[in-house]
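Sequence lines set the chain letters: A, B, ... in the order given, protein chains first and strands last, and positions in each chain run from 1. Small disclaimer: the values here were computed from a predicted structure and weren't measured.
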Number of protein chains: 2
Amino acid sequence: MVRRTRFNDSDCPVARSVDAIGDWWSLLIVRDAFDGSRRFGEFQRSLGVAKNILTARLRVLVAGGILDVVPAADGSSYHEYVLTPKGKDLFPVIVALRQWGEGHFFEPDEPHSELIDRRRGRPLRALEVRSADGRRLDPDDTVVNKVDQPRTPAGTRPE
Amino acid sequence: MVRRTRFNDSDCPVARSVDAIGDWWSLLIVRDAFDGSRRFGEFQRSLGVAKNILTARLRVLVAGGILDVVPAADGSSYHEYVLTPKGKDLFPVIVALRQWGEGHFFEPDEPHSELIDRRRGRPLRALEVRSADGRRLDPDDTVVNKVDQPRTPAGTRPE
DNA sequence: CAGAATCCTATGCGATACTG
DNA sequence: CAGTATCGCATAGGATTCTG
């Protein structure tokens with residue numbers, strides 16, 4: 001009955017995001033879109049995914065407002081797929097995944113595709129989680145307010 | 001032959017990250033770990049996932065060095081699952097997904113679980129992608145160097 | 001409570017062939 | 001080249017039962 005594992009109804013934004021993206025293919029399609037891919041064939045060759053899967057994923061991404069379909073720039077009768085503003089807002093997600101991967105799955109000298117600052121040609125700064133007033137935050141410096149407990153009653157959990 | 005869709009051999013850090021995480025359940029387990037869950041039952045109730053799936057995912061996360069198994073703090077004979085440093089490095093990924101979800105899948109007044117700065121009790125600052133020298137970067141301000149083209153030959157692609 | 005062990009079904013996804 | 005249409009298998013993952 002459930003089309004796939006669905007998290008949509010959760011009150012957690014992470015769950016809804018995950019649900020909206022759909023699957024890993026979709027995320028890699030978005031990555032490719034950030035990397036400049038626009039055409040069906042570009043995605044297909046880059047990902048090596050079956051064409052029917054790609055078709056389905058593109059459709060879902062478009063329906064989800066992450067990609068937009070525009071007429072091909074070369075005048076052909078085909079489409080191009082471009083990121084919507086909502087899609088572009090996934091930039092930090094992709095960058096975060098990229099940096100995590102760079103840090104943990106490549107040898108120091110192992111070559112890998114690299115996201116660079118176009119202007120200076122240099123790699124990006126590592127993402128930093130910060131408080132509203134600008135302090136760097138580690139995971140332990142944060143807490144999650146569940147929705148059923150709108151605020152911590154005063155004094156955190158009786159640890 | 002392929003156990004699941006695998007992206008492991010890619011030279012793209014995003015693909016390797018995605019592959020290492022495994023699936024959405026795993027990511028939500030990590031989210032819960034950041035939120036303070038440690039016990040099997042906590043994850044299970046929070047996620048509503050089948051126990052065999054949870055068992056399998058926990059195992060993979062431990063094998064992948066994202067979670068660690070430690071003896072239960074309450075002296076029982078069970079385990080607790082805690083984030084390794086590598087797991088904690090996923091913090092920006094979770095935060096990025098959270099913020100994307102907050103921005104696009106909730107009405108302005110719709111309640112949702114919220115990650116807050118423990119010290120001030122306030123929501124976090126939005127993640128910002130920055131260059132090495134600190135400039136804010138939009139997607140269009142960046143380029144990806146594929147590994148087969150170690151550097152852009154001088155003058156970007158003939159656009 | 002924390003798992004392990006089975007069983008079963010829906011479906012993700014790859015492969016291939018067809019169309020315009 | 002950019003899809004659409006079919007087929008088929010592997011498996012993710014849900015439900016249930018059993019154990020220390």
Check this one for me: any side-chain N or O of [X] less than 4.0 Å away from OP1 or OP2 of [N]?
| X | N | answer |
| --- | --- | --- |
| H79(A) | dG3(D) | yes |
| R45(B) | dC1(C) | no |
| R39(B) | dC1(C) | no |

Selection: residues 47-56 of chain B, any non-hydrogen atom under 4.0 Å of DNA chain D: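 Residues of residues 47-56 of chain B that come under 4.0 Å of DNA chain D are, in numerical order, V49(B), A50(B), N52(B), I53(B).
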Plane angle bin for F106(A) and H112(A) - parallel if under 30°, tilted between 30 and 60°, otherwise perpendicular: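 Answer is tilted, since the angle falls between 30° and 60°.
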Aromatic ring pairing H104(A)/W100(A), orientation class (parallel under 30°, perpendicular over 60°, tilted between):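 The arrangement is tilted - the two ring planes meet at 30° to 60°.
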Would you mind reading off the distance between [X] atom [atom1] and [N] atom [atom2], rounded to a whole angstrom?
| X | N | atom1 | atom2 | value |
| --- | --- | --- | --- | --- |
| E42(B) | dG3(C) | CD | P | 12 Å |
| R38(A) | dG3(D) | CZ | P | 14 Å |
| I29(A) | dC13(C) | CD1 | C1' | 13 Å |
| L58(A) | dC13(C) | CG | P | 14 Å |
| Q44(A) | dT4(D) | CD | C1' | 14 Å |

F91(B) ring center within less than 6.0 Å of F34(B) ring center: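 Yes, the ring of F34(B) comes within the 6.0 Å limit of the ring of F91(B), centre to centre.
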Partner of I21(A) under side chain to side chain contact (heavy atoms under 4.5 Å, CB included), chosen from L27(A), I29(A), V60(A):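 Testing I21(A) for a side chain to side chain contact (heavy atoms under 4.5 Å, CB included) against L27(A), I29(A), V60(A) leaves exactly one candidate, L27(A).
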Verdict with reasoning, V95(B) to L127(A), per side-chain contact (heavy atoms from CB on, under 4.5 Å): CA-CA 11 Å; V95(B) 171; L127(A) 285 174; over 6 Å; no
Check: W24(A) side chain, G22(B) main-chain N or O, donor-acceptor pair, under 3.5 Å: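 Yes: the side chain of W24(A) pairs with the backbone of G22(B).
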D74(B)/R38(B) salt bridge by N-O under 4.0 Å criterion: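 Result for this pair is no, no salt bridge flagged.
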Listed nucleotide nearest any side-chain atom of Y78(A), set dG20(D), dG12(C), dC1(D):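 The nucleotide sitting nearest to the side chain is dC1(D).
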Sugar-phosphate only, base, or nothing, as touched by Y81(A) at under 4.0 Å among non-hydrogen atoms: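 The answer is sugar-phosphate, as Y81(A) gets under 4.0 Å only of primed atoms, P, OP1 or OP2.
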Touch class at under 4.0 angstrom, heavy-atom based, for R59(B) against every strand present: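 It contacts sugar-phosphate atoms only.
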